[in-house]
Amino acid sequence: AESRRPPHVAMLVTPGMGHLIPLAELAKRLAARHGVTATLITFASTASATQRAFLASLPPTISALSLPPVDLSDLAPDAAIETLMSEECVRLIPALTAVLSELRETTRPVAFVADLFGADSFQAAVAAGVPRRYLFFPTNLLGLTLILHLPELDATVPGEFRDLAEPIRLPGCVPVPGKDILAPLQDKSNPSYRWMVHHGKRYLDADAILVNSFDAVEPDAIAALRVPEPGRPPVYNIGPLIQTNAASPAPRAACLDWLDRQPPKSVIFVSFGSGGSLPREQMHELALGLELSGQRFLWVVRSPSDEGALNANYYDAESKKDPLAYLPDGFVERTKDVGLLVPSWAPQIKVLAHQATGGFLVHCGWNSVLEGLVHGVPMLAWPLFAEQRQNAVMLADGIGAAIRMPETKKKDEIAATVREIMVGKGKGAEVRAKVLELQKAAEEGLAEGGAATVALDEVVRRWI
Ligand code: UDP
């Protein structure tokens, strides 16, 4: 009876919709193309209403279950998100082992997939007798290459990365100035740094690493990773996986009706991801900069971050207070004919797909970047936290799919870069051409015979 069951994949999702959504998309592709069923295993700490609604909307080939709550109260109150997720993962190994063993009673698990903070959970898969273990890396090859090199960098680079005179050079990757390297690596005395070095070692335990990127964005990095290295798992680019068939709330979002009334490619969409918000001062300059640019804009506005960390909203996308109250005096009235402000949340993929959208001021969260590329929207990079600064370097200095907002972030610079990305004849025109090229490559990669499809087929061939 066992062998007649469809092949099943168990996926451990560390907290964050940015991890859940691409893994769910992977599960959908596995079901549609290979008849593989899946269970998404989530942490109790992120059982938000948004997450529950999302899980409930998935097709019946994908099940979901939540691990029991874990006590993290012994950790420092200011522990980094990376530390919390990594600790939670390790503490959940016994519970996860039990869950995976139970799954074996009712399904035929052929593989276990963990995402970027979850490699320690491979132990649970081994203990439960799941035959293969994969790491799903939800960002890009630059991020993966960095983490894979961390044990070596840790041993050879003295002091803080941000104090290095030279940028960090990794095989096939754009040189990254130390200050732009992954946020949890910026303070080596913080436990989050140790955790990332640890993950760099544990990644080698995977049978293969699946990355949500595509060859055309990082051609040299994938070439470097394709050269086999003893002890390093093979790396497959299986992206871009972005959310498909998102449930459409009725009535249709008002911002889409507003976009319908704007000329083609005339609107810059401004969004800082699911949880990002700006310090009060920058929010003020951004408002005035958008106004000065003379371009139309659609801005997802959140209350400023001053009272908390830049990612204070990470677990909860709702701003606590009315974010419009923080805008400069008279701004809303003066810009009412050219701008639309949406508090807290907009249907981003639909906005990017809309013909009126011609630019994307983005925090460089990787899901947002992929959504921009899939829809051929040129980007203005305004990174905030996590790996967003190194993504901005890669997009602006590497592939040329974005212009980077100057660090000083004054209203005149903001206005000038907004104009350049939307209508400029120099850098702006180059970026606009580049994203169309990447859009085409992304689409071809996911089609029959395309690179991402072939890569996933190669992985799955071993399971069936
Ligand atoms: N998103 C959205 N509406 C918003 C803000 C964000 O739909 O107003 C979605 C966006 O489409 C993307 C995700 O939230 O899929 C954000 O993920 P990303 O990796 O870009 O950034 P993070 O939220 O992890 O910082």
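The structure displayed is predicted, hence computed values, not measured ones. Throughout, residue positions are numbered sequentially from 1 according to the sequence presented.
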Undergrad: May I ask you to say whether R404 pairs ionically with D397, meaning some side-chain N is under 4.0 Å from a carboxylate O?
TA: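 Salt bridge: no.
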
Undergrad: Under the side-chain contact (heavy atoms from CB on, under 4.5 Å) test against V351, which residue among V267, V342, L298 passes?
TA: L298

Undergrad: Please check: side-chain N/O of N212 versus main-chain N/O of L241, any donor-acceptor pairing under 3.5 Å?
TA: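 Checking the backbone N and O of L241 against the side chain of N212, a donor-acceptor pair under 3.5 Å is found.
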
Undergrad: For the side chain of N140 and the backbone of S213, is there at least one donor-acceptor N/O pair under 3.5 Å apart?
TA: no

Undergrad: Distance-only, no hydrogens or angles: does the E430 side chain make a donor-acceptor pair with backbone N or O of G400 under 3.5 Å?
TA: no

Undergrad: Between C89 and F43, is any pair of side-chain heavy atoms under 4.5 Å apart?
TA: yes

Undergrad: Between V9 and V110, is there a side-chain heavy-atom distance shorter than 4.5 Å?
TA: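 With C-beta onward as the side chain, the pair touches.
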
Undergrad: If you round to the nearest 0.5 Å, how far is CG of L361 from CD1 of I268?
TA: 5.0 Å

Undergrad: Answer yes or no: is there a side-chain heavy-atom contact under 4.5 Å between P233 and L204?
TA: yes

Undergrad: Could you walk me through whether D154 and K201 pass salt bridge (Lys or Arg N to Asp or Glu O under 4.0 Å), step by step?
TA: CA-CA 11 Å; D154 181 51; K201 296 177 186 154; 5.9 Å; no

Undergrad: Can you find a pair of side-chain heavy atoms, one from I242 and one from N367, that are under 4.5 Å apart?
TA: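 Counting from C-beta outward, I242 and N367 never come under 4.5 Å.
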
Undergrad: May I ask you to decide if A452's main-chain N or O and Y236's side chain share a donor-acceptor pair within less than 3.5 Å?
TA: no

Undergrad: Within the distance-only criterion (no hydrogens, no angle test), does the side chain of E87 pair as donor or acceptor with the backbone N or O of T83 below 3.5 angstrom?
TA: no

Undergrad: Is any side-chain heavy atom of M394 closer than 4.5 Å to one of V369?
TA: no

Undergrad: Measure the shortest side-chain to side-chain distance between V374 and F214 over non-hydrogen atoms and say whether it is less than 4.5 angstrom.
TA: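 Answer no - side chains too far apart.
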
Undergrad: Keeping R232 on the side-chain end and L225 on the backbone end, is there a donor-acceptor pair under 3.5 Å?
TA: yes

Undergrad: What orientation do F117 and H19 show, parallel under 30°, tilted 30 to 60°, or perpendicular over 60°?
TA: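 It falls in the tilted class, 30° to 60°.
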
Undergrad: Can you name the nearest heavy-atom pair linking V393 to P175, along with the distance?
TA: CG1-O, 3.7 Å

Undergrad: Taking the side chain as every heavy atom from C-beta outward, state whether F272 and W299 have any pair of such atoms under 4.5 Å apart.
TA: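 When only atoms from C-beta onward are counted, W299 and F272 do touch, with a gap below 4.5 Å.
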
Undergrad: So for atom CD, which belongs to E458, do other residues, nucleotides or ligands contribute more than 12 heavy atoms lying within a distance under 6.0 Å?
TA: yes

Undergrad: Which heavy atom in I238 sits nearest to a heavy atom in L26, and how many Å separate them?
TA: CD1-CD1, 3.7 Å

Undergrad: CG of L146 to CD1 of I181: how many Å apart, nearest 0.5 Å?
TA: 4.5 Å

Undergrad: Is the shortest side-chain heavy-atom distance between T97 and Q123 below 4.5 Å?
TA: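 No, their side chains stay 4.5 Å or more apart.
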
Undergrad: Ignoring hydrogens, what is the shortest heavy-atom contact between I93 and S121? Give both atom names and the distance.
TA: CG1-CA, 4.4 Å

Undergrad: Hey, is the main chain of W258 close enough, under 3.5 Å, to the side chain of Q262 for a donor-acceptor pair?
TA: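 Checking the backbone N and O of W258 against the side chain of Q262, a donor-acceptor pair under 3.5 Å is found.
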
Undergrad: Got a sec, which residues hit side-chain hydrogen bond (donor to acceptor under 3.5 Å, both in side chains) with K440, two or more places apart in sequence or on another chain?
TA: E444

Undergrad: Show, in sequence, the C-alpha distance, side-chain angles and deciding distance for D71 and R91, and conclude whether the salt bridge (Lys or Arg N to Asp or Glu O under 4.0 Å) test is met.
TA: CA-CA 9 Å; D71 183 12; R91 294 175 191 199; 5.9 Å; no

Undergrad: I'd like to know if the side chain of T244 pairs up with that of E25 as donor and acceptor (distance under 3.5 Å, no hydrogens or angles considered).
TA: yes

Undergrad: Does D205 pair with R133 as a salt bridge, N-O distance under 4.0 Å?
TA: no

Undergrad: Are the side chain of Q186 and the backbone of F161 linked by a donor-acceptor contact shorter than 3.5 Å?
TA: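 No, the answer is negative, given that no donor and acceptor are paired below the 3.5 Å cut-off.
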
Undergrad: Would you give the length of the straight line joining atom CD of E437 to atom NZ of K434, rounded to the nearest 0.5 angstrom?
TA: 4.0 Å

Undergrad: For the side chain of T453 and the backbone of A447, is there at least one donor-acceptor N/O pair under 3.5 Å apart?
TA: yes

Undergrad: Who passes ring pair (Phe, Tyr, Trp, His ring centres under 6.0 Å) against H34, sequence neighbours left out?
TA: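 For H34 there are no ring pair (Phe, Tyr, Trp, His ring centres under 6.0 Å) partners, ignoring immediate neighbours.
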
Undergrad: Taking the side chain from N391 and the backbone from C364, do they hold a donor-acceptor pair closer than 3.5 Å?
TA: yes

